[in-house]
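Here the structure is a predicted model, which means the values were calculated and not measured. Note: hydrogens, waters and symmetry copies are ignored here, and every other heavy atom, side chains too, is used. FYI, the numbering just counts along the sequence from 1.
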Amino acid sequence: MVTRIKLTGGVPITLEQAIDLRQTVFGSAAAPPRGEWTRTGLIFGQPNQELPYGLRCPRNATRGLQSVLQAFIIKYFLFDSRVMEKSLPLDVLLKPTEAQQHEALWQSISTILWTIGEKIKVVVVLPGEIPHIPHSHTYFQDSVTEKLYIFEFTNLEDLQIFIKRYLFFFLEDPGPGALLFLYSAVLTRQTAKIKTDLDAPKGAHLMGPFEEGSLNVVTLLLAGRATPYLHNGVVYVGDEDHYALPQFGILQRSSIGLIVWEGDNEAVQASSRQPGSRLKTPAIPIWVTSCCGHYGVVFNSNRELLRIIMLRTVRIALLHLCWMPPFHDSGYQVP
């Protein structure tokens with residue numbers, strides 16, 4: 001049973017902040033976001049059932065976000081956890097207790113947000129009970145955004161303690177756990193920087209129309225920037241009639257990788273939406289996958305696999321991977 005502690009502290013969200021946040025993420029504050037965002041929590045399967053290390057999630061717009069979080073959870077169990085001996089077999093490492101599930105979740109959330117905040121400052125939002133913003137023609141209440149309190153952290157340990165203390169907000173089912181995590185990531189990066197990251201026409205927003213979420217959300221959580229460009233570093237694009245403009249891709253090697261397949265469209269495959277080596281060869285052998293817009297995770301517990309990838313190709317090396325259906329429940333579909 002999850003222990004609920006009364007939320008204390010924080011600064012109530014203002015109307016201006018709420019409108020800016022909703023417009024940045026969903027494109028409008030005058031219309032409600034897609035309903036799944038307010039009722040999809042970050043939920044594990046039962047410890048004594050199949051895939052206890054896996055998050056449960058239906059096929060909805062939160063899936064891209066949860067795929068990244070799932071990858072970091074696997075990273076914690078296989079490579080970061082100090083509780084378990086690394087000599088234990090894979091099937092033991094990936095059979096956590098409920099307490100270990102919760103520890104992996106708050107550790108992973110903290111790690112992702114700390115990276116987005118460039119290890120300087122992180123913003124976390126949690127909902128109170130009473131809305132601070134009335135319903136109006138400029139702001140449509142969604143039962144979450146208007147109730148938010150904003151918390152700021154400049155120390156990783158303080159952030160971890162806070163997330164652990166109030167983890168039940170993320171675990172609630174049905175609940176807005178995925179939305180709270182996304183909002184925290186966006187506010188940590190800052191909405192103005194998110195809009196610059198998108199490098200899109202005025203009015204573009206982070207989420208887009210995609211069924212399982214935008215790649216911009218994935219790059220925000222993996223690399224700390226909501227860039228649509230997956231190549232290494234900065235590429236200047238222009239022609240004889242226009243000045244060359246920079247496209248900011250992945251600026252450093254990611255700890256978790258990303259593999260994208262958009263079908264047999266050669267033009268798409270050759271575009272800047274194809275990951276560069278900093279995403280193809282991450283620090284550890286765990287990858288978020290996007291196959292024609294559908295997300296999943298592949299991984300291996302052997303760090304030496306990365307040497308295979310460096311010497312051969314990602315396509316060949318993937319034959320050695322364990323694929324996991326990261327979201328599972330009797331009422332959910334598995335890709």
Under the side-chain contact (heavy atoms from CB on, under 4.5 Å) test, which residues partner Gln17, sequence neighbours left out? Ile13, Thr14, Ile150
Would you call Glu211 and Arg59 a salt bridge, using N to O less than 4.0 angstrom? no
Distance in Å, Arg63 CZ paired with Leu55 CG, rounded so as to fall on 0.5 Å steps: 11.0 Å
Do Cys292 and Trp261 come within less than 4.5 Å of each other through their side chains, counting heavy atoms only? yes
4.5 Å side-chain heavy-atom contact, Ile133 and Lys147: no
Between Gln101 (side chain) and Pro52 (backbone), is there a donor-acceptor pair under 3.5 Å? yes
Decide yes or no on side chain to side chain contact (heavy atoms under 4.5 Å, CB included) for Arg225 and Thr219, but give the supporting numbers first. CA-CA 6 Å; Arg225 299 175 67 256; Thr219 56; over 6 Å; no
Could you work out, with ring-ring contact (aromatic ring centres under 6.0 Å, His included) as the rule, every residue matching Tyr139, not counting sequence neighbours? none
Hey, what's the ring geometry for Phe162 with Phe153, parallel, tilted or perpendicular (30° and 60° as the breaks)? tilted
Applying a strict under-4.5 Å side-chain criterion to I, L, V, M, F, W and Y, I'd like to know whether Leu251 and Tyr236 cluster together. yes
Is the distance from the ring center of Phe248 to that of Tyr229 below 6.0 Å? no
Can you list everything that forms a ring-ring contact (aromatic ring centres under 6.0 Å, His included) with His135? Sequence neighbours excluded, please. Phe140
Worked check of side chain to side chain contact (heavy atoms under 4.5 Å, CB included) between Leu7 and Phe169: CA-CA 10 Å; Leu7 183 65; Phe169 280 105; 4.2 Å; yes
Atom pair OG/CZ of Ser255 and Phe72 - distance to nearest 0.5 Å: 4.0 Å
Looking only at heavy atoms, the pair that brings Gly296 and Ser67 closest together is N-OG, 3.9 Å
In short, Asn232 meets Ser277 closest at the heavy-atom pair ND2-OG, 2.7 Å
NZ/Lys119 to CG/Asn155 distance, rounded to the nearest 0.5 angstrom? 13.0 Å
So, do Glu152 and Lys121 sit near enough that their side-chain heavy atoms are less than 4.5 Å apart? yes
If I compare all heavy atoms of Phe210 with all of Arg34, which pair ends up nearest, and what's the gap? O-NH1, 3.4 Å
So among Ile73, Leu167, Ile109, which one has a side chain to side chain contact (heavy atoms under 4.5 Å, CB included) with Leu42? Ile109
Any side-chain donor near an acceptor of the partner, His294 and Glu212, under 3.5 Å: yes
Using 0.5 Å steps for rounding, measure from the CZ atom of Arg253 to the CG atom of Leu279. 9.5 Å
Say you draw a straight line from CG of Leu222 to CD1 of Ile250; how long is it, rounded to the nearest 0.5 Å? 7.5 Å
Just by distance, do the side chain of Arg22 and the backbone of Ala29 share a donor-acceptor pair under 3.5 Å? yes
Under a 3.5 Å cutoff, is there a donor and acceptor pairing between the side chains of Asp199 and Thr227? no
Do Met207 and Val217 have side chains that approach each other closer than 4.5 Å (heavy atoms only, starting at C-beta)? yes
Side chain to side chain donor-acceptor pair (under 3.5 Å) contacts in which one or both residues fall within residues 107-116, not counting sequence neighbours: Gln107-Gln160
Kindly work out whether a path of hydrophobic side-chain contacts (I/L/V/M/F/W/Y, heavy atoms less than 4.5 Å apart) joins Ile5 to Phe170. yes
Please list all pairs passing the salt bridge (charged side-chain N to carboxylate O under 4.0 Å, His left out) test where one or both residues lie in residues 66-78, with sequence neighbours left out. Lys75-Asp80
Decide yes or no for Arg39 and Pro176: does some side-chain heavy atom of the first lie under 4.5 Å from some side-chain heavy atom of the second? no
Measure from the ring center of Tyr149 to the ring center of His132 and say whether it is less than 6.0 Å. yes
Show your reasoning for whether side chain to side chain contact (heavy atoms under 4.5 Å, CB included) applies to Leu171 and Trp106. CA-CA 10 Å; Leu171 294 170; Trp106 63 256; over 6 Å; no
Show the nearest heavy-atom pair for residues Leu220 and Ile116, with the distance to one decimal. O-CG1, 3.5 Å
Considering non-hydrogen atoms only, spot the tightest contact between Pro285 and Asn302 and give its length. CG-O, 3.5 Å
Considering only heavy atoms from C-beta outward, does the side chain of Pro282 approach that of Trp287 to under 4.5 Å? yes
Do Glu172 side-chain atoms and Phe168 backbone N/O form a donor-acceptor pair below 3.5 Å? no
Would you indicate whether the side-chain heavy atoms of Leu69 and Ile112 approach each other to under 4.5 Å? yes
Can you confirm whether Leu258 sits close enough to Leu215 that some side-chain heavy atom of one is under 4.5 Å from a side-chain heavy atom of the other? yes
Does Thr40 use its side chain to pair, donor to acceptor, with the backbone of Trp37 at less than 3.5 Å? no
Check residues 178-191 and write down every donor-acceptor pair under 3.5 Å in which the side-chain atom is one partner and the other belongs to a residue at least two apart or another chain.
residue	atom	partner	partner atom	Å
Tyr183	OH	Thr145	OG1	2.8
Ser184	OG	Val125	N	3.1
Ser184	OG	Leu180	O	2.8
Thr188	OG1	Val123	N	2.9
Thr188	OG1	Val123	O	3.0
Thr188	OG1	Ser184	O	2.7
Arg189	NE	Asp197	OD2	2.9
Arg189	NH2	Asp197	OD1	2.9
Arg189	NH2	Asp197	OD2	3.3
Thr191	OG1	Asp20	OD2	2.6

Consider only side-chain heavy atoms of I, L, V, M, F, W and Y, link residues closer than 4.5 Å, and tell whether Leu51 and Ile43 are in one cluster. no
How close do Ser214 and Tyr295 get, heavy atom to heavy atom, and via which atoms? C-OH, 3.5 Å
Any donor-acceptor pair under 3.5 Å linking the side-chain atoms of Glu103 with those of Tyr76? yes
Start with the C-alpha distance between Leu159 and Thr154, add both sets of side-chain angles, then the distance that settles side chain to side chain contact (heavy atoms under 4.5 Å, CB included), and finish with yes or no. CA-CA 8 Å; Leu159 172 65; Thr154 57; over 6 Å; no
Can you tell me how far CG of Leu230 sits from CD of Gln247, rounded to the nearest 0.5 angstrom? 11.0 Å
